[in-house]
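Down below is the structure, laid out as structure tokens.
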Amino acid sequence: MDTIPSGTLEGACMAEQPSANSSMSPAIGAPNALLDFFFPGFGVLADAVVRYTGIDLNVYIPLLLLMGGVTLAWRYFTEYAWNLVDKHLMSTVDIRPDDEIYNMVMSWVANQYFAKGARRFVANTNLNSRSWHLWRREEENEEDEYEDSGEASPHRKQKPLAYTPTFGSHWFWYKGRILMFNRTQSASQAGYLTVSEREAISISCFNRNPQVLKDLLLEAREEYMKHDENKTLIYRGASRSGSISEPFWQRCMTRTARPFETVILSEKVKNELIADIADYLNPATRRWYNNRGIPYRRGYLLYGPPGTGKSSLSLALAGHFKMRIYIVSLSSVTANEENMATLFAELPRRCIVLLEDIDTAGLTHTREEGSSDEKDETLGKESNDGSLSRLGKHVLDSMKNGNSSRLSLSGLLNIIDGVASQEGRILIMTTNHLEKLDKALIRPGRIDMIVKFGKADADMTGAIFRAIYAPLEADEEPTAAASRSSSRSRALRDLDNRLLKKAVNALTPNEERKKAANDDEAQRKKEETIAKVKKLAEEFTTKIPAHEFSPAEIQGFLLKHKRDPEKAVELAEQWVIDTRKERKEKELKEAEEKRKAEEEARKKKEGREKKPKEEDEKKEKRRAKQKTKRSKKAKNTDESDASSSDSSSSFSSNEANSASEAEPKNVKSKKTITKTKQAKDTAPAAVEQSSAEVAKFESRTGQQQPVVVVPAPSMTSSVSAPPSIDTEKEKGASLDAQKTPQGADSGYGTP
Ligand SMILES: Nc1ncnc2c1ncn2[C@@H]1O[C@H](COP(=O)(O)OP(=O)(O)OP(=O)(O)O)[C@@H](O)[C@H]1O
């Protein structure tokens with residue numbers, strides 16, 4: 001050990017401090033240097049300790065190492081033992097953050113003592129999972145709070161804070177058992193997930209029977225659901241955009257159940273509808289259907305112009321029968337066959353499914369028409385206004401996204417009531433255009449009741465007026481609202497009631513009389529208001545023409561004067577005039593836009609048609625030019641040939657003229673000419689023959705042979721054409737020359 005090889009780490013360290021402690025032995029220096037490497041500064045510290053206290057820390061190194069080893073071993077052992085216990089003696093429920101049960105459990109946990117008393121905790125304003133598709137309840141809480149606080153300004157309301165235990169394990173008692181709430185977060189999971197999506201929670205108990213955990217979950221759910229009492233839960237079909245994930249029902253909102261009476265519709269129709277649904281939902285009816293092998297389904301079609309109450313009636317029915325409502329808009333991007341089938345398969349047994357605006361979904365073609373060719377044709381077709389139809393756009397878009405399967409009529413029918421479709425639900429379809437629907441879609445069995453909605457008649461107008469201005473108890477006393485849910489407000493209400501009762505009991509007969517008088521006065525005032533509203537409603541009805549405005553339009557007008565019925569009546573006539581004017585202007589504008597779009601479409605169409613025509617013309621011109629060129633070429637060739645050919649081709653133009661003059665005089669000569677002409681492409685022997693005939697003719701008539709009869713070009717070209725011109729070209733030239741229009745240079749030496 002005396003000689004430490006230079007270049008080693010220890011050597012280097014030792015070399016640095018040979019004189020620091022001259023008394024330090026090299027045997028001590030070696031581990032010191034090693035430790036100094038792992039714990040920088042240890043050597044200096046050890047030297048200082050030795051110098052000032054005389055304690056050599058190096059002596060304790062083995063002890064320290066031993067302790068470290070024991071700690072590690074203990075950790076390993078406890079982990080192993082814990083795993084064994086966990087595996088064989090405990091029950092655990094893992095809760096996924098992308099399921100609604102996560103919200104339920106977290107909400108329950110936040111109310112437990114162990115969470116409230118935790119020294120380290122997570123503070124939340126929203127306990128729900130941040131998972132993108134889980135419904136969030138915060139808006140609703142805000143509404144309640146606003147009501148509870150009674151504050152005039154919504155800006156002053158504050159979100160409540162909830163405290164949940166931080167990451168790690170937390171023990172708590174539940175029903176006399178000790179349970180463990182474990183909250184972990186995995187950093188290794190995909191970075192695109194939100195924090196709460198990455199976290200996992202679980203609850204464990206020391207028992208092989210997990211019943212206590214199930215009880216806890218049920219309790220958590222029940223508590224959570226209490227919030228939804230008197231509410232209509234609305235779900236919508238959705239899918240994460242740009243992803244290939246499956247569609248799902250997204251809980252998008254809850255609404256205070258709409259009282260059925262607030263939907264203005266013929267009482268007879270309403271009663272029939274309620275009786276029909278009540279009968280359908282009766283368990284005995286289900287058995288009745290099953291026993292007879294009839295599919296247990298019920299369908300309703302609500303049709304009428306926009307804003308006449310179709311959606312309102314659907315929501316009111318859901319509230320009345322305390323059912324969840326699942327809404328699918330068939331014109332949405334998610335509405336293809338596959339997605340719809342998945343969504344329908346996930347429906348609960350007892351619910352209302354609302355298919356909105358089925359006429360806009362491109363299902364207007366019949367099943368027979370639905371051949372793929374025809375579909376393809378209609379897909380990208382431009383509508384009257386020149387724009388792609390909504391469905392066409394949707395389908396083209398979905399095709400672009402690689403999602404080409406669209407919802408066909410037969411597909412929808414299969415989903416609605418095919419062999420594999422769910423039983424037990426109530427299907428409500430709404431449309432603005434009954435006439436556009438395929439008969440198959442609304443045949444009995446699929447649609448069992450059709451309800452027509454129309455524009456407001458006098459009765460409806462009066463009812464809408466009364467519904468808006470009639471005094472309601474809930475208007476006067478917001479604290480009496482039945483839908484209170486926050487514990488604070490409930491506690492306050494209970495206290496109020498108790499105090500009120502006490503106060504009433506403590507009243508003297510005199511005070512009792514006073515209170516009764518006040519009540520009577522309030523009642524009298526209320527009746528007066530009702531009578532006044534009734535009278536004003538009658539007046540209002542006379543000012544609004546029947547069957548011209550939808551209930552939504554009338555409601556919209558009245559809401560502008562919701563605290564002043566007299567003003568509403570006063571302005572009613574003017575509103576009618578203004579609305580008519582607006583409509584007319586809108587119609588004119590739409591007509592103008594339509595006309596422009598049509599004009600544009602027509603121009604585009606013409607442009608499209610014109611293009612090939614122009615191209616044809618250009619081609620024709622080019623061809624003509626080429627012909628002319630070739631003809632000229634041929635002519636030039638002829639001329640050069642003619643100059644060098646024999647005497648038979650050397651007729652002058654004058655001679656030709658005189659010959660043409662002489663032509664009619666001699667029919668026989670014509671025949672000869674024709675014959676000779678036919679022979680123009682024959683061998684030189686034929687030329688000799690015709691020359692002989694010409695000589696005969698000349699000798700008989702004493703006239704010269706006319707120029708036209710001479711098959712000079714053929715003869716010259718075939719006989720004395722230069723070898724550089726190939727025969728095909730020649731043929732072409734001669735044919736083209738025959739086709740050449742009058743006046744054009746034929747290449748025959750035109751006069
Ligand atoms: N018959 C009605 N009774 C009560 N309120 C009505 C009625 N018709 C319309 N309304 C009111 O008009 C508004 C629009 O009504 P709703 O959405 O139910 O009409 P719709 O027929 O479903 O319209 P669309 O065909 O455009 O979907 C709602 O605020 C609703 O309160």
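Order of appearance sets the numbers: ligands from 1, and atoms from 1 within every ligand. Hydrogens, waters and symmetry mates are skipped; everything else that's a heavy atom, side chains included, is used. Note that the coordinates shown come from a computational prediction; the quantities given were computed from them, not determined experimentally.
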Ion pair present between Asp448 and Arg297, side-chain N to carboxylate O less than 4.0 angstrom? no
Regarding Glu599 and Arg602, does a basic nitrogen lie under 4.0 Å from an acidic carboxylate oxygen? yes
Determine whether more than 12 heavy atoms belonging to other residues, nucleotides or ligands lie under 6.0 Å from atom CZ of Arg255. no
Salt bridge check, Glu267 against Lys270: does any charged N sit closer than 4.0 Å to a carboxylate O? yes
For ligand 1, which is the ligand I care about here, please tell me if Asn432 has any N or O atom under 3.5 Å from one of the ligand's N or O atoms. yes
Evaluating non-hydrogen atoms only, which member of Ser314, Gly556, Pro551 is closest to atom 6 (C) of ligand 1? Pro551
Minimum distance, heavy atoms only, to atom 23 (O) of ligand 1: which one of Gly307, Gly309, Ala456 is it? Gly307
Atom 22 (O) of ligand 1 sits nearest the protein heavy atom Ser311 OG, 2.7 Å
What atoms of ligand 1 come closer than 4.0 angstrom to any heavy atom of Val263? 3 (N), 4 (C)
Any idea which heavy atoms bring Gly237 and Leu343 closest together, and the distance? CA-CD1, 3.9 Å
Aromatic contact, Phe557 with Phe549 (centres under 6.0 Å): no
Note: Gly454 and Pro551 closest approach over all heavy atoms is O-CD, 4.1 Å
Residue, atom and distance of the protein heavy atom nearest atom 18 (O) of ligand 1 read Ser312 OG, 2.6 Å
How far apart are the closest heavy atoms of Ala316 and Phe260, and which atoms are they? CB-CD1, 3.7 Å
Can Asp519 and Gln523 be counted as having a side-chain donor-acceptor contact under 3.5 angstrom? no
Is ligand 1 under 4.0 Å from a heavy atom in the side chain of Lys310, in the backbone, in both, or in neither? both
Starting from atom 14 (C) of ligand 1, which protein heavy atom do you reach first, and at what distance in Å? Ala552 CB, 4.0 Å
Which atoms from ligand 1 have a heavy atom of Met460 less than 4.0 Å away? 1 (N)
With heavy atoms of Arg258 as the reference, note each atom of ligand 1 found under 4.0 Å away. 4 (C), 5 (N), 30 (C), 31 (O)
How far is atom 3 (N) of ligand 1 from the closest protein heavy atom, and which atom is that? Ile264 N, 2.8 Å
Could you tell me whether a side-chain N or O of Lys310 sits under 3.5 Å from a main-chain N or O of Asp357, the two making a donor and an acceptor? no
Quick test: of every protein heavy atom, which one is nearest to atom 11 (C) of ligand 1, and how far off is it to 0.1 Å? Gln555 OE1, 3.4 Å
Under a 4.0 Å heavy-atom limit, does Thr262 contact ligand 1 with its side chain, its backbone, both, or neither? backbone
Side chain or backbone of Glu261 under 4.0 Å from ligand 1, or both, or neither, by non-hydrogen atoms? neither
Below 4.0 Å from ligand 1: does a non-hydrogen atom of Lys455 turn up there or not? no
